[in-house]
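Values below: every heavy atom of this structure, side chains too, minus hydrogens, waters and symmetry copies.
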Amino acid sequence: MNNVVHDDMFTSDVIADPYGYYGRLRDEDPVHWNDTYGLWVITRHDDVTWLTRHHELFSSARLSGDRRVGSRPLRICSALPG
């Protein structure tokens, strides 16, 4: 697939207009492999709902501690059962 949406999710233009960026990603590549950060970006509601109901299969730990992710550290939710 031709990647028309750039992979850096933390540029100033994406931060200024996340709705445009993620809306375009949802329309063009809703289950997107992000080469810049080495992770999947899931943008459709039904897909995200399914993922949250199967949290034992997935992890958000990939971005924790990644200095490319802007100035604020990402918090990993520890309230999930398991």
Quick one: does V41's side chain get under 4.5 Å of R26's, heavy atoms only?
-> no
Not counting sequence neighbours, which residues clear salt bridge (Lys or Arg N to Asp or Glu O under 4.0 Å) with D13? List them please.
-> none
Go through the steps for R44 and T49 under the test side chain to side chain contact (heavy atoms under 4.5 Å, CB included), then give the verdict.
-> CA-CA 9 Å; R44 288 184 300 213; T49 300; over 6 Å; no
Give the intermediate values and the outcome of side chain to side chain contact (heavy atoms under 4.5 Å, CB included) for residues M9 and L39.
-> CA-CA 12 Å; M9 304 178 291; L39 52 78; 4.3 Å; yes
d(T36 OG1, F10 CZ) to nearest 0.5 Å is 10.5 Å
Is W33 reachable from V48 through a run of I, L, V, M, F, W or Y residues, each pair having side-chain heavy atoms under 4.5 Å apart?
-> yes
Working to the nearest 0.5 Å, report the span between CG of D46 and CG of L51.
-> 11.0 Å
Would you say T43's side chain and P30's backbone share a donor-acceptor pair under 3.5 angstrom?
-> yes
Cluster link I42 to L57, ILVMFWY, side chain under 4.5 Å | yes
Can you see which heavy atom on V14 is nearest to which on D8, and at what distance?
-> CG2-O, 3.8 Å
Min side-chain heavy-atom separation H32-D7 under 4.5 Å = yes
Residue list, ring-ring contact (aromatic ring centres under 6.0 Å, His included) with H54, at least two apart or on another chain = W50
